[in-house]
Amino acid sequence: MNTGRGGDDTGHGAGPGLPRVMRLGFAVLDRQILDVDGVAVGKVDDVELSWEEGRRPVLSALLTDTGALGPRLSGRLGRTWRTLLGRLRPSGDLPVRIPPDQVHTFTPATRLTRPAPPQTRVVEDWLRTHLIERIPGGGHADSDGQ
Amino acid sequence: MNRLTSFTLGFLTAIGGFLDIGDIVANSLVGARFGMSLAWVIPVGVIGVCLFSEMAGRVTAVSGRPVFDLVRERLGARAGLANLLASSAITLLVFAAEIGGVALALELASSVHYLLWVPVVGFLVWAVIWRLPFERMERTYGLLGLAMVVFAVALWRLGPDWGALWHDALSPAPPSGEDWPTWWYYAIAVFGAAMSPYAVVFFSSGGVEERWSARDLTLQRLNVFFGFPLGGLLALSLMAGAAVLLHPAGIQVDHLSQATLPVVVSLGKVGLVIAIVGFFACTFGAALEAGLATGYGVAQYFGWSWGKSVRPVQAARFHTLLLATVLAGTAIVLTTLDPVKVTEYAIVLSAAALPLTYLPIFIVANDRGYLGDRVNSRFTNIVATVYLFLVLLVAAATLPLMLWTKAGQ
């Protein structure tokens with residue numbers, strides 16, 4: 001089995017229960033991902049396609065986090081982005097994979113059937129515990145009649 | 001009754017919230033330097049911002065999607081990122097200009113040098129973003145901004161020759177001593193001040209924060225179509241006041257205090273106090289909008305959780321980014337760059353950046369996949385296409401004109 005990454009524009013068999021033709025470039029890539037509670041997880045930054053020789057490629061995972069965005073950006077902007085993020089993250093850190101069987105719907109936003117994978121929240125959690133939580137009032141919502 | 005109240009409030013907020021440091025500087029400066037010969041640009045800008053806001057508001061209300069969510073989805077990762085970086089850089093510049101404007105207004109009130117006010121203003125802006133509820137924040141500064149009506153009263157009290165003003169406004173050509181490129185350069189400045197992209201990003205993200213639905217469309221449209229043109233009238237009275245008083249005297253506007261002269265001359269100290277309150281409210285409100293717009297854009301592009309309606313601990317990246325934006329904006333003003341000059345560059349570059357947000361919204365506003373039967377009408381599409389060519393023309397002309405005229409000198 002080979003795996004390949006990249007924004008292929010068409011794909012067939014986008015996971016179990018979804019046997020219709022769908023355009024990955026349009027309906028999957030760059031869509032907002034929400035977890036089962038409606039919390040924003042990130043964007044579909046890239047997709048992973050797997051195939052066996054002589055068979056059609058199958059969408060095997062959605063990739064998310066800004067690191068996964070790097071390979072999709074070409075040109076000078078892409079190179080700068082990759083270099084910058086490469087410096088910022090530990091080496092060997094791989095993008096977060098979400099298997100398509102955890103996806104409830106793809107459009108208009110990608111809804112998952114379970115809570116967000118913990119790796120997607122590393123930066124958010126770090127900033128919360130080290131910065132935002134320590135500022136007075138960080139735990140108050142602004143609406144709800146306060 | 002409740003709907004009437006919320007219409008009145010929203011409508012007044014739209015009038016007061018229309019003006020920001022860009023409008024104050026551009027219209028006073030242009031009135032003083034070119035008389036009323038560039039007055040025609042204000043209606044062009046106001047129609048543009050009504051059209052743009054209406055489309056963005058409709059897209060948000062029907063699909064629940066704000067601008068940069070759609071920018072990424074429709075332009076793709078790469079073009080979307082380039083768009084985000086350019087838009088954020090310019091919005092940051094606008095934000096810095098607004099902070100400088102607040103500090104200048106406080107200097108007018110207190111005679112304490114504006115640079116001493118800058119850190120205080122930066123902190124206040126952050127504190128309001130951190131703590132004040134979204135709706136109350138928008139209403140407070142929008143309503144206080146109505147103090148700018150004092151400029152219309154001042155113009156009326158100055159008792160100008162209305163016929164001559166009208167005649168000047170109908171002869172669009174540079175006055176003697178000014179050349180065409182400079183005149184066009186300032187036309188772009190007035191246009192960029194009226195039709196500012198950050199305000200539309202803020203407006204549409206605010207719609208998500210306030211959970212607009214298709215039911216809110218009528219109200220939202222009324223606010224835009226009545227509030228913005230009346231805000232435009234205030235912009236026009238700033239320009240006319242400067243044209244009547246400063247243009248014949250040959251006074252140039254290179255400090256905020258000169259923009260208050262029409263009010264001081266006709267209404268004295270009381271007028272000045274009201275004008276300063278108006279300046280403060282407009283620039284402070286716009287600083288909040290521009291600061292939030294930067295955070296909204298980035299968070300929407302990367303898919304973070306964002307917004308003032310969630311607790312800050314649940315949107316840690318968004319709030320960290322806002323904090324960084326406030327620090328960066330404050331730092332830009334603290335470099336002692338002249339805030340009025342920063343404002344001039346900010347509005348001209350905003351005008352040049354308009355297609356980046358206008359085009360994706362225009363495309364989505366025609367997409368039945370997002371809007372169902374609420375897509376653009378034929379009439380809207382005709383006007384929106386004319387404006388598409390206009391913003392593309394402005395974007396192409398801005399940098400050559402800026403270099404050619406040495407930024408309007």
Notebook entry, point to check: Salt-bridged, D30(A) to R78(B), with N to O below 4.0 Å?
Noted result: no
Heavy-atom closest contact ([X] atom, [Y] atom, distance):
{"X": "G137(A)", "Y": "P312(B)", "answer": "O-CG, 4.3 Å"}
{"X": "W130(B)", "Y": "G138(A)", "answer": "CZ2-CA, 3.3 Å"}
{"X": "A316(B)", "Y": "E124(A)", "answer": "N-OE2, 2.7 Å"}
{"X": "V41(A)", "Y": "R317(B)", "answer": "O-NH2, 4.5 Å"}

Notebook entry, point to check: Listed by chain and number, what are the ring pair (Phe, Tyr, Trp, His ring centres under 6.0 Å) partners of F68(B), not counting sequence neighbours?
Noted result: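 Checked F68(B) against ring pair (Phe, Tyr, Trp, His ring centres under 6.0 Å); zero matches.
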Item checked: Non-neighbouring partners of F280(B) that pass ring pair (Phe, Tyr, Trp, His ring centres under 6.0 Å), sequence neighbours left out ->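 F280(B): ring pair (Phe, Tyr, Trp, His ring centres under 6.0 Å) contacts with F284(B).
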Notebook entry, point to check: If we only count heavy atoms from C-beta on, is the F302(B) to T64(A) side-chain gap below 4.5 Å?
Noted result: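 Of all side-chain heavy-atom pairs linking T64(A) with F302(B), none is under 4.5 Å.
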Notebook entry, point to check: A79(B) versus chain A, heavy atoms under 4.5 Å apart: side chain, backbone, both or neither?
Noted result: neither
Item checked: Interface moiety of F318(B) toward chain A, non-hydrogen atoms closer than 4.5 Å -> neither
Return the [atom1] to [atom2] distance between [X] and [Y], rounded to the nearest 0.5 Å.
{"X": "L29(A)", "Y": "R72(B)", "atom1": "CG", "atom2": "CZ", "result": "8.5 Å"}
{"X": "K43(A)", "Y": "E73(B)", "atom1": "NZ", "atom2": "CD", "result": "6.5 Å"}
{"X": "L81(B)", "Y": "L77(A)", "atom1": "CG", "atom2": "CG", "result": "5.0 Å"}
{"X": "Q32(A)", "Y": "S305(B)", "atom1": "CD", "atom2": "OG", "result": "9.0 Å"}

Item checked: residues 198-207 of chain B: residues contacting chain A (heavy atom under 4.5 Å, by number) -> none
Item checked: Top contributor to chain A contacts, counting heavy-atom pairs under 4.5 Å, from W304(B), Y301(B), Y370(B) ->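 Option with the top pair count is Y301(B).
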Check: G307(B), G76(B), A82(B), G303(B): which one forms the most heavy-atom pairs within less than 4.5 Å of chain A?
Finding: G303(B)
Notebook entry, point to check: What residue in V123(A), I132(A), I33(A), V44(A) has the most heavy-atom pairs under 4.5 Å with chain B?
Noted result: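 Most heavy-atom pairs within the cutoff with chain B belong to I132(A).
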Side chain, backbone, both or neither: which part of [X] has a heavy atom under 4.5 Å from chain B?
{"X": "T120(A)", "value": "backbone"}
{"X": "D125(A)", "value": "neither"}
{"X": "W81(A)", "value": "side chain"}

Indicate every side-chain donor-acceptor pair of residues 288-296 of chain B with a distance under 3.5 Å to a residue at least two apart or in another chain.
residue	atom	partner	partner atom	Å
T294(B)	OG1	A290(B)	O	2.9
Y296(B)	OH	E209(B)	OE2	2.6

Checklist line | R111(A) atom CZ, over 12 foreign heavy atoms within 6.0 Å | finding: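 Counting other residues, nucleotides and ligands, CZ of R111(A) stays at 12 neighbours or fewer.
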